[in-house]
There are 2 protein chains.
Amino acid sequence: MAERASRTVSAASIRNPVGRDGILDVAARLFREQGYGPVSLRKVAEAAGIKAGSIYYHFGSKDEIVVAILDAGIRAVHEKMRQAVLGHPDGAAAAAILRAAIRAHLRALLDVSDYSSANVRIFGQVPQSVRDANLPKRRAYEAEWDNLLTRLQKDGALRRNVDIRRLRLMLIGALNATLEWFDPERGSVEALASAYADVFLNGMLEQREV
Amino acid sequence: MAERASRTVSAASIRNPVGRDGILDVAARLFREQGYGPVSLRKVAEAAGIKAGSIYYHFGSKDEIVVAILDAGIRAVHEKMRQAVLGHPDGAAAAAILRAAIRAHLRALLDVSDYSSANVRIFGQVPQSVRDANLPKRRAYEAEWDNLLTRLQKDGALRRNVDIRRLRLMLIGALNATLEWFDPERGSVEALASAYADVFLNGMLEQREV
DNA sequence: GTCTATAAAGCGATAGAC
DNA sequence: GTCTATCGCTTTATAGAC
């Protein structure tokens with residue numbers, strides 16, 4: 001953007017230190033917007049207002065930046081989802097708990113965090129080594145869902161014949177896919193979450209008889 | 001694969017013309033396996049048994065190859081889905097029609113076509129101009145789903161309060177997401193399609209009373 | 001229809017000045 | 001903590017031989 005008057009030499013580096021977090025913020029935004037391939041370190045540096053070589057003071061490699069962003073993305077959505085579930089007592093209605101979890105995941109993805117959306121957008125595009133580095137955090141988030149779903153099934157709220165792993169993959173897959181088309185001008189995240197919960201909980205068919 | 005005995009000079013080019021379709025087949029498989037970014041024309045050429053420069057006899061650019069693959073991918077899944085729906089009379093049970101459409105989409109994606117799976121895998125990774133070129137075929141397939149869902153809703157089979165466009169985005173998004181984790185060794189496409197249809201049609205909650 | 005050779009551009013990464 | 005300059009590599013694409 002616009003530059004303030006320069007003083008002596010290398011003024012920007014004194015006035016406006018970008019730092020590790022600034023680089024990550026900018027990179028997460030670019031990855032969310034453009035995907036992994038088109039985002040070079042030169043683009044990240046330019047968007048952050050520094051030169052490409054300067055990035056290597058903070059990070060050892062491009063992969064190191066990507067892993068940091070992927071991990072932060074899972075952490076953000078995991079925390080939101082866990083808090084949403086913890087907000088309900090253990091005996092609360094299964095439908096209400098599931099609605100809250102679905103809503104929390106969608107809000108993290110579509111509203112809150114460039115890191116979470118960057119994670120979903122680029123995970124399938126990064127080198128295998130980067131995916132592997134992010135896997136433990138992914139597994140932990142998946143386990144959080146599996147624990148919730150297993151508990152609800154044991155309580156008799158979920159159909160006994162649904163496979164928990166497959167249901168979790170279906171849920172998270174469907175929620176993450178909204179990133180590709182969601183447009184806040186066509187409807188709120190809240191309305192989207194409510195509609196998704198309706199179908200997942202009760203199905204799309206008109207209920208005639210039981 | 002294996003080479004037959006060579007005759008004179010440039011034997012491969014005479015014995016084993018790869019041609020436009022051979023290049024597309026190989027490229028579709030590589031895109032499905034590796035995504036868009038890592039697949040260079042050199043890799044495609046090597047897998048096809050020719051040299052990179054030779055590709056430009058058949059195609060004007062890399063983008064032209066990618067567009068051809070994306071279009072063929074939509075065509076394949078669209079045909080399978082339409083045939084599955086046409087296999088049912090107009091008055092057939094809505095549940096049976098929807099199950100057939102879901103099954104057809106998943107089979108095209110996971111069983112049949114490298115082109116369909118490559119489409120889903122790389123669409124979000126290719127340049128905007130390539131996406132734009134593929135959009136008309138995408139829109140036509142989406143319209144096929146919208147027509148089906150609208151018809152079923154008018155017949156009273158689908159809940160009146162579900163938004164058709166959102167339901168279609170939810171369905172196709174959830175089905176496409178299976179590409180990221182489906183493993184035929186953990187369960188058949190048929191079983192997967194059946195389980196997805198169960199949840200989409202009737203929901204995951206145990207039905208107590210109506 | 002495929003080959004060889006190469007041009008032009010962009011990439012991740014490194015070294016050393018300030 | 002950032003800059004400049006550059007190395008080595010890969011990419012898409014082109015030109016001309018066979």
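Below, chain A is the first sequence line, B the second, and so on; all start at residue 1.
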Just the rounded figure in Å: distance from [atom2] of [N] to [atom1] of [X].
{"X": "Glu46(A)", "N": "dC11(C)", "atom1": "CD", "atom2": "C1'", "value": "15 Å"}
{"X": "Glu64(B)", "N": "dA13(D)", "atom1": "CD", "atom2": "C1'", "value": "13 Å"}
{"X": "Ile55(B)", "N": "dA15(D)", "atom1": "CD1", "atom2": "C1'", "value": "17 Å"}
{"X": "Asp63(A)", "N": "dG12(C)", "atom1": "CG", "atom2": "C1'", "value": "10 Å"}
{"X": "Lys43(B)", "N": "dT11(D)", "atom1": "NZ", "atom2": "P", "value": "7 Å"}

Judged by nearest nucleotide, the residue sitting upstream toward the 5' end of DNA chain C, Ser54(B) or Gly60(A), is Ser54(B)
Could you work out which one of [options] sits closest to the side chain of [X]?
{"X": "His58(B)", "options": "dG1(C), dA13(D), dT2(D)", "result": "dG1(C)"}
{"X": "Leu41(A)", "options": "dG12(C), dC3(D), dC3(C)", "result": "dG12(C)"}
{"X": "Ile50(A)", "options": "dT2(C), dT2(D), dG12(C)", "result": "dT2(D)"}

Next on the checklist: For a 4.5 angstrom cut-off between non-hydrogen side-chain atoms, does Phe31(A) reach Asn119(A)?
Outcome noted: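 SC-SC contact between Phe31(A) and Asn119(A) ruled out.
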Q. Does any non-hydrogen side-chain atom of Arg159(B) lie less than 4.5 Å from one of Leu167(B)?
A. no
**Prompt:** When only distance counts, do a donor and an acceptor, one from the side chain of Arg42(A) and one from the base of dG12(C), lie under 3.5 Å apart?
**Reply:**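 Answer is yes: a donor-acceptor pair is held.
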* Tyr57(A) side-chain N/O to dT2(D) phosphate OP1/OP2 under 4.0 Å -> no
*Indicate whether OP1 or OP2 belonging to dG12(C) is found under 4.0 Å from a side-chain N or O atom of Lys62(A).*
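The answer is yes; a side-chain N or O of Lys62(A) sits under 4.0 Å from OP1 or OP2.
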| Hey, which of these two, Ile23(A) or Tyr56(B), hits DNA chain D nearer its 5' end, going by closest nucleotide? |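 The residue mapped nearer the 5' terminus is Ile23(A).
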### Message
Which residues pass the ring pair (Phe, Tyr, Trp, His ring centres under 6.0 Å) test with His78(B), not counting sequence neighbours?
### Response
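Ring pair (Phe, Tyr, Trp, His ring centres under 6.0 Å) list for His78(B), sorted by chain: Tyr141(B).
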Look at the side chain of Thr178(B) and the backbone N and O of Leu175(B), then say whether any donor-acceptor pair between them is shorter than 3.5 Å.
yes
